[in-house]
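For reference, the structure discussed in these notes is given below.
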Amino acid sequence: MPYIILSIFIAGLDLITKYQVQKTMDPFDSIPIIKNVFHITYVQNTGAAFSILSGRIFLFISASIIIISAITFILIKYPIKQKTLGIALAMVLGGAAGNFIDRMRYGYVIDFLDFRIWPVFNVADCAIVIGTIILGYFLLFRLDSEKLEFKNGRRLD
């Protein structure tokens, strides 16, 4: 359950920050925080990361439903002992939920973190990327040394 709470916190933080940007800025407005390094830039992204597959809203909504459902099922049905794995899954879940809510409400995702050398992104994107990196690290380097064990005593050997 603490991982579900972390997911809700991440999705909430994402939605609050997007709301603030949407409330105070018009699309394509940009506010320099550190000139030519970091700006708050309001972008309405109809695609995925880097705006790839722009306009394929049904694809992204379907993928989000599958990912959100699968991770929620795993976190509820098989409470995870390894904190690293639980946190990674919670981050991906929270980020996916935040972007899913945008897509359902607006048909696009609100992005605003602009480092000028990278496409504009948001809090949900950060959580998804960091969670996926942690998950990949766990699966590649720690899964062999730590057999996947759930709190109900089940193990994946």
Side-chain angles (χ1 to χ4, degrees), residues 1-80 82-140 143:
M1 194 58 141
Y3 301 121
I4 297 292
I5 293 168
L6 177 59
S7 296
I8 292 168
F9 174 78
I10 290 168
L13 179 63
D14 177 63
L15 294 172
I16 288 167
T17 56
K18 290 173 180 175
Y19 172 77
Q20 287 299 93
V21 167
Q22 191 178 40
K23 182 175 126 184
T24 58
M25 299 174 73
D26 291 322
F28 306 107
D29 281 354
S30 188
I31 301 168
I33 305 302
I34 302 172
K35 192 173 173 95
N36 296 321
V37 176
F38 176 64
H39 292 228
I40 302 297
T41 303
Y42 179 11
V43 176
Q44 297 173 343
N45 182 357
T46 60
F50 314 116
S51 295
I52 60 171
L53 300 173
S54 188
R56 304 245 201 286
I57 190 78
F58 180 75
L59 173 68
F60 298 122
I61 288 174
S62 300
S64 295
I65 289 170
I66 292 166
I67 291 165
I68 290 167
S69 299
I71 294 174
T72 301
F73 176 79
I74 290 166
L75 290 176
I76 291 172
K77 181 78 171 161
Y78 303 102
I80 297 167
Q82 292 89 350
K83 287 183 182 178
T84 305
L85 180 59
I87 290 169
L89 290 172
M91 292 177 77
V92 173
L93 175 59
N99 282 342
F100 173 75
I101 291 168
D102 270 9
R103 286 192 178 96
M104 291 300 293
R105 289 174 68 192
Y106 310 119
Y108 57 83
V109 171
I110 297 168
D111 289 333
F112 59 92
L113 300 171
D114 182 4
F115 281 91
R116 299 290 157 147
I117 59 169
W118 197 260
V120 183
F121 57 99
N122 59 43
V123 172
D125 297 335
C126 293
I128 292 167
V129 169
I130 293 168
T132 301
I133 290 168
I134 293 169
L135 183 59
Y137 171 81
F138 182 85
L139 293 174
L140 287 173
L143 188 58

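When reading the values below, keep in mind they use all heavy atoms of this one structure, side chains included, and skip hydrogens, waters and symmetry mates.
- For the salt bridge (Lys or Arg N to Asp or Glu O under 4.0 Å) condition, the pairs that include at least one residue of residues 16-36, sequence neighbours left out, are Asp14-Lys18, Lys18-Asp102.
- Each of Val129, Ile68, Ile71, Ile10 was checked for a side-chain contact (heavy atoms from CB on, under 4.5 Å) with Val92, and the lone residue meeting it is Ile71.
- The shortest heavy-atom contact between Ile65 and Phe100 is CG1-CE1, 3.7 Å.
- Residues Asn122 and Val21 form no side-chain contact, since every pair of their non-hydrogen atoms from C-beta on lies 4.5 Å or further apart.
- The minimum heavy-atom distance linking Gln22 with Tyr42 is given by the pair CG-OH, 3.4 Å.
- Within the 4.5 Å cutoff, the side chain of Leu85 has heavy atoms near those of the Leu135 side chain.
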side-chain contact (heavy atoms from CB on, under 4.5 Å) between Cys126 and Leu113, intermediate numbers included: CA-CA 10 Å; Cys126 293; Leu113 300 171; 4.2 Å; yes
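- No side-chain heavy atom of Val37 sits less than 4.5 Å from a side-chain heavy atom of Arg116.
- Atom CG in Leu93 sits 4.5 Å away from atom OG1 in Thr72 (nearest 0.5 Å).
- Considering CD1 of Ile66 and CD1 of Ile61, their distance stands at 12.5 Å, rounded to 0.5 Å.
- A search for salt bridge (Lys or Arg N to Asp or Glu O under 4.0 Å) contacts involving Asp125 returns nothing, not counting sequence neighbours.
- Closest non-hydrogen pair, Ile134 versus Ala88, comes out as CG2-CB, 3.6 Å.
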Decide side-chain contact (heavy atoms from CB on, under 4.5 Å) for Ile40 and Phe38; before the verdict, give the C-alpha distance in whole Å, the side-chain angles of both, and the deciding distance to 0.1 Å. CA-CA 7 Å; Ile40 302 297; Phe38 176 64; 3.7 Å; yes
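- Ring orientation note: the planes of Phe115 and Phe121 are close to parallel, at an angle under 30° on the 30°/60° scale.
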Steps toward side-chain contact (heavy atoms from CB on, under 4.5 Å) verdict (Tyr108, Ile110): CA-CA 7 Å; Tyr108 57 83; Ile110 297 168; 3.9 Å; yes
Dump the intermediate steps for side-chain contact (heavy atoms from CB on, under 4.5 Å) on Val123 and Ile16, then the final yes or no. CA-CA 10 Å; Val123 172; Ile16 288 167; over 6 Å; no
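- Atom CG of Asp114 sits about 11.5 Å away from atom CD1 of Ile31, to the nearest 0.5 Å.
- Note: Tyr3 OH to Leu89 CG = 9.5 Å, rounded to the nearest 0.5 Å.
- The minimum heavy-atom distance linking Met91 with Ile130 is given by the pair CE-CG2, 3.3 Å.
- Here the closest non-hydrogen pair linking Gly98 and Ala11 is N-CB, 4.1 Å.
- For the pair Gln44 and Tyr106, the minimum side-chain heavy-atom distance is 4.5 Å or more.
- Between Arg103 and Phe60, the shortest heavy-atom distance links the atoms NE-CB, 3.4 Å.
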